[in-house]
Student: 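The following block contains the structure, expressed as structure tokens.
From a predicted model like this one, the values you see are computed outputs, not experimental measurements.
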Amino acid sequence: MAHVREVTRKGGKAFEVRWREGGKDRQRTFTAKRDAERHAHKVETAKETGATTEPLTRGKTFREVAEAMLAAQAPRLKRGTLLQYEALYNGRIYGTFGGERIARVDSSSVQAWVAALAGEGLAPNTIRNHYIAVNKVFTFAVKHRIIAHNPCPAVVLPRMVHRDTFKPVFLTIAEVEAVAAEVDRHAPGSQYGLLIRFAAHTGLRAAEISGLRIRDVNLSAGHVEVRRTLKRIAGEWTIVPPKSARSSRDVPLLSRSLTADLKLYLLQHPKSGDPDALFWAGLRFGPHLADSSPLDFSRPVSTTAVRMGHLVPAAARLGVTPHMRFHDLRHTFASLMLAAGFQPWKVSRWMGHANVSTTDAIYAHLYPSDYATQIEKFEAFVAEA
């Protein structure tokens with residue numbers, strides 16, 4: 001709260017405004033009471049909006065504080081997370097707030113920015129992610145006494161939209177084979193039919209498939225060793241640690257025909273002798289592709305490109321489904337494993353879920369519902385009783 005009091009100076013009466021800001025006692029003196037009261041009102045308004053009374057020529061810019069915050073948090077952030085934050089700031093945040101003195105950015109400025117993002121057509125979830133990044137900077141600034149108040153809590157965000165219409169696609173094993181064969185028929189030698197079968201038989205996440213090395217597909221042991229992921233962040237392929245501790249796992253290869261085809265694929269792999277080489281190839285870009293293979297074994301495979309260019313068109317041509325995400329191959333794996341009678345906790349381990357409750361939440365409706373064994377067990381118990 002700002003207080004105005006009358007004081008005596010050599011030149012006569014004066015009016016002193018005192019308040020506390022940024023953990024410090026501050027004051028300014030005016031010769032006219034009206035000016036002092038006006039400044040006191042300004043101080044109170046600044047506190048309510050999260051601004052400050054510091055002159056515009058003083059204080060750090062939003063970008064300077066953001067960079068200091070990222071530098072402070074870098075040692076405990078995953079590289080991928082750090083790059084994602086940098087991409088957010090460079091994309092739609094620095095352009096608005098980067099050069100502004102952070103002390104002069106108030107809640108109305110942040111609210112107007114949120115409205116502008118909504119006007120661009122960004123989804124509520126995307127806007128919320130940007131808001132969180134901005135809020136982190138202001139929280140850091142308050143903690144280090146760069147500003148007195150964080151303006152973000154006063155900001156109203158768009159209502160979150162839950163996609164109740166989303167329905168995962170579960171393919172049968174026959175549909176998996178048919179879609180893969182259709183891909184091979186339209187893109188012979190592309191490897192993508194085999195990749196689709198591999199994804200449906202292992203349940204690996206897209207980034208885990210992109211990050212697979214020769215050493216990770218251990219055919220002699222009969223499993224795939226998931227140890228890293230590759231994500232495209234801010235236009236750069238980045239090695240990222242697995243999603244959680246249980247994401248580092250061994251996934252068995254239970255299909256003999258798939259294992260045989262993977263062995264044949266490795267025999268033709270130009271870098272099969274290098275254990276650190278990428279297992280799946282990306283696409284080559286540039287001229288003269290008609291005279292050579294479009295595959296580039298030094299470039300990670302983009303599952304997005306596989307989906308758009310091969311998976312979706314093949315599934316649509318066969319009448320399996322008009323729309324399919326690459327992640328649906330992971331759902332397919334879960335449905336196949338549960339239908340085969342494997343216990344949910346084991347399927348959860350193979351999928352790399354943090355705990356079995358995650359598996360229950362997504363796939364409980366797929367659990368076998370034949371209670372014949374339980375009925376016989378209970379009837380035996382009743383007879384003995």
Side-chain angles (χ1 to χ4, degrees), residues 78-80 83-84 86-87 176 179-219 223-243 247 251 253 258-317 324-330:
K78 294 180 180 179
R79 173 169 168 74
L83 288 174
Q84 286 173 336
E86 289 177 348
V176 170
V179 169
E182 180 69 7
V183 169
D184 287 338
R185 188 169 72 85
H186 278 77
S190 69
Q191 79 172 1
Y192 295 136
L194 179 61
L195 188 151
I196 288 168
R197 292 173 59 210
F198 176 87
H201 280 276
T202 60
L204 266 63
R205 300 177 178 94
E208 294 170 344
I209 288 177
S210 297
L212 279 180
R213 301 161 295 185
I214 296 292
R215 67 165 72 246
D216 299 325
V217 184
N218 192 337
L219 297 180
H223 63 232
V224 178
E225 300 169 3
V226 182
R227 298 295 183 269
R228 70 172 194 170
T229 65
L230 265 180
K231 290 185 177 181
R232 195 170 181 83
I233 302 174
E236 173 187 351
W237 283 102
T238 305
I239 298 176
V240 181
K243 189 174 182 180
S247 291
V251 182
L253 293 168
L258 175 64
T259 300
D261 289 341
L262 289 173
K263 289 180 179 178
L264 179 61
Y265 171 78
L266 273 178
L267 288 175
Q268 301 170 345
H269 197 296
K271 298 185 178 181
S272 60
D274 180 3
D276 292 318
L278 291 168
F279 188 84
W280 300 106
L283 289 174
R284 179 182 289 114
F285 298 97
H288 312 302
L289 291 183
D291 301 328
S292 61
S293 170
L295 299 181
D296 185 347
F297 285 85
S298 65
R299 183 189 299 272
V301 65
S302 168
T303 55
T304 301
V306 174
R307 172 185 174 267
M308 296 301 295
H310 302 280
L311 177 60
V312 171
R317 284 194 299 267
M324 186 173 182
R325 304 177 309 159
F326 193 87
H327 197 77
D328 287 325
L329 295 174
R330 179 168 164 84

Student: Are the side chains of Leu311 and Asp328 in touch, meaning some heavy atoms are under 4.5 Å apart?
Tutor: no

Student: Just to verify, what does Arg228 make a salt bridge (Lys or Arg N to Asp or Glu O under 4.0 Å) with, not counting sequence neighbours?
Tutor: none

Student: Can you name the closest pair of heavy atoms from Gly193 and Ala180 and give their distance?
Tutor: O-CB, 3.4 Å

Student: Just jot down the salt bridge (Lys or Arg N to Asp or Glu O under 4.0 Å) partners of Arg232, sequence neighbours excluded, or say none.
Tutor: none

Student: Could you pull out all residues at least two apart from Arg185 that satisfy side-chain contact (heavy atoms from CB on, under 4.5 Å)?
Tutor: Glu182

Student: Would you say Leu295 and Tyr192 make side-chain contact, with heavy atoms under 4.5 Å?
Tutor: yes

Student: Which residues satisfy the side-chain contact (heavy atoms from CB on, under 4.5 Å) test with Asn218, sequence neighbours excluded?
Tutor: Ser220, Ala221, His223, Glu225

Student: Please identify each residue that fulfils side-chain contact (heavy atoms from CB on, under 4.5 Å) with Ala316, with sequence neighbours left out.
Tutor: none

Student: Using 0.5 Å steps for rounding, measure from the CG atom of Leu262 to the CG atom of Leu195.
Tutor: 10.0 Å

Student: Which donor-acceptor pairs under 3.5 Å do side chains of residues 233-242 form with protein atoms, sequence neighbours excluded?
Tutor:
| unit_1 | atom_1 | unit_2 | atom_2 | d |
| --- | --- | --- | --- | --- |
| Glu236 | OE2 | Arg79 | NH2 | 3.3 |
| Thr238 | OG1 | Glu236 | O | 3.2 |

Student: List the residues meeting salt bridge (Lys or Arg N to Asp or Glu O under 4.0 Å) with Glu86, not counting sequence neighbours, and say none if there are none.
Tutor: none

Student: Is the centre of the Tyr265 ring less than 6.0 Å from the centre of the Trp280 ring?
Tutor: yes

Student: How close do Pro275 and Gly273 get, counting heavy atoms only, and between which atoms?
Tutor: CD-O, 3.4 Å

Student: Would you list the pairs meeting salt bridge (Lys or Arg N to Asp or Glu O under 4.0 Å) in which at least one residue belongs to residues 302-315, sequence neighbours left out?
Tutor: none

Student: CG of Asp184 to CD of Gln191: how many Å apart, nearest 0.5 Å?
Tutor: 10.5 Å

Student: Once you round to the nearest 0.5 Å, how far does NZ of Lys231 lie from CG of Leu83?
Tutor: 11.5 Å

Student: Arg317 versus His186: any side-chain heavy-atom pair under 4.5 Å?
Tutor: yes

Student: Determine all donor-acceptor pairs shorter than 3.5 Å in which one atom belongs to a side chain in residues 200-210; sequence neighbours excluded.
Tutor:
| unit_1 | atom_1 | unit_2 | atom_2 | d |
| --- | --- | --- | --- | --- |
| Thr202 | OG1 | Phe198 | O | 2.7 |
| Arg205 | NH1 | Glu208 | OE2 | 2.8 |
| Arg205 | NH1 | Ser247 | OG | 3.3 |
| Arg205 | NH2 | Gly352 | O | 3.2 |
| Glu208 | OE1 | Arg205 | N | 2.8 |
| Glu208 | OE1 | Arg249 | NH2 | 2.9 |
| Glu208 | OE2 | Arg249 | NH1 | 3.0 |
| Ser210 | OG | Ala206 | O | 3.3 |
| Ser210 | OG | Val301 | O | 2.8 |

Student: Going by the rule ring-ring contact (aromatic ring centres under 6.0 Å, His included), which residues pair with His327 if we only count those two or more places apart in sequence or in a different chain?
Tutor: His331

Student: Considering only residues two or more places apart or on different chains, which pairs with a residue in residues 258-274 satisfy salt bridge (Lys or Arg N to Asp or Glu O under 4.0 Å)?
Tutor: Arg197-Asp261

Student: Of Asp216, Asp296, Leu212, Leu230, which meets side chain to side chain contact (heavy atoms under 4.5 Å, CB included) against Leu278?
Tutor: Leu230

Student: For Ser272, give me all partners under side chain to side chain donor-acceptor pair (under 3.5 Å), at least two apart in sequence or on another chain.
Tutor: none

